[in-house]
Amino acid sequence: MVGSMKVHVANHPLISHKLTVLRDEKTDSPTFRRLVEELVTLLAYEATRDVRTKTVTVQTPVTQTQGLKMAEPRPVVVPILRAGLGMLEGMVRLVPTAEVGFLGMVRDEKTLKASTYANRLPDDLSGRQCFVLDPMLATGGTLVAAINFLIEKGADDITAICILAAPEGIEYMEKAFENSSVPITIVTGALDEKLNEHGYIVPGLGDAGDRLYGVV
Ligand code: URA
């Protein structure tokens, strides 16, 4: 499969409701954090639709039957620091047996270029399904850099879960991965209107890291 990045925009009234409260500038950090967790759990349900499974036999109190369990190796969940950390709890609640790796990416506010400043991941991700958590798909620079990093380590199936995405970021990712042999999927709560001149998503929700954790 080449050049077939899949984009799934959630279309669900509960997600829209939670997103609307999240966007409200009057929503405080504790409420914002709780809403992000709830949203991720809902998005993760969609994002894990193709999680790898194996057939197992189970003995119920009534009979023996065939069932499905998540296959080994388990998926790797990769929150992008700092704002992606706010999505980790909601994700591991749904997939408690996933392994968690961390990737620190910073965006230069002037050039908007992304670079890695920290990583704590298995050295070899061969054959691993990865779920990357990054709340805001803005220019796409951070996600492209993060996904390329995971591909270099061998990941062979990557799904990015975002709360909001800008059309510019989706387009940039589609170009970046048009010749990729690794299937890439984006699951987002909403597709917003555009980016402004500062690289912020419009209407968006402001700076996700600041709203989760305060300004540092
Ligand atoms: N990162 C954010 O936190 N917010 C935006 O609007 C864009 C990038």
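A quick note: this is a predicted structure, and the numbers were derived from the prediction, not measured. Just follow the structure's listing: the first ligand is 1, and inside any ligand the first atom is 1.
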| Any donor and acceptor pair, going by atom type alone, linking the side chain of Arg74 with main-chain N or O of Val95 inside 3.5 Å? | no

| message | As an exercise, state the distance from CD1 of Ile161 to OG1 of Thr41, rounded to the nearest 0.5 Å. | response | 9.5 Å

| task | Compare all side-chain heavy atoms of Pro79 with those of Met87 and state whether any distance is below 4.5 angstrom. | result | no

Per-pair distances, ligand 1 N/O vs protein N/O, less than 3.5 Å:
from     : atom 1 : to     : atom 2 : distance (Å)
ligand 1 : 3 (O)  : Ala208 : N      : 2.8
ligand 1 : 4 (N)  : Gly206 : O      : 2.8
ligand 1 : 6 (O)  : Ile201 : N      : 2.8

| message | Keeping Tyr213 on the side-chain end and Gly86 on the backbone end, is there a donor-acceptor pair under 3.5 Å? | response | yes

| field | Listed once per pair and sorted, the side chain to side chain donor-acceptor pair (under 3.5 Å) pairs that draw on residues 13-23, sequence neighbours left out | value | Lys18-Glu38, Arg23-Asp192

| Can you tell if the side chain of His12 reaches within under 4.5 Å of the side chain of Glu46, non-hydrogen atoms only? | no

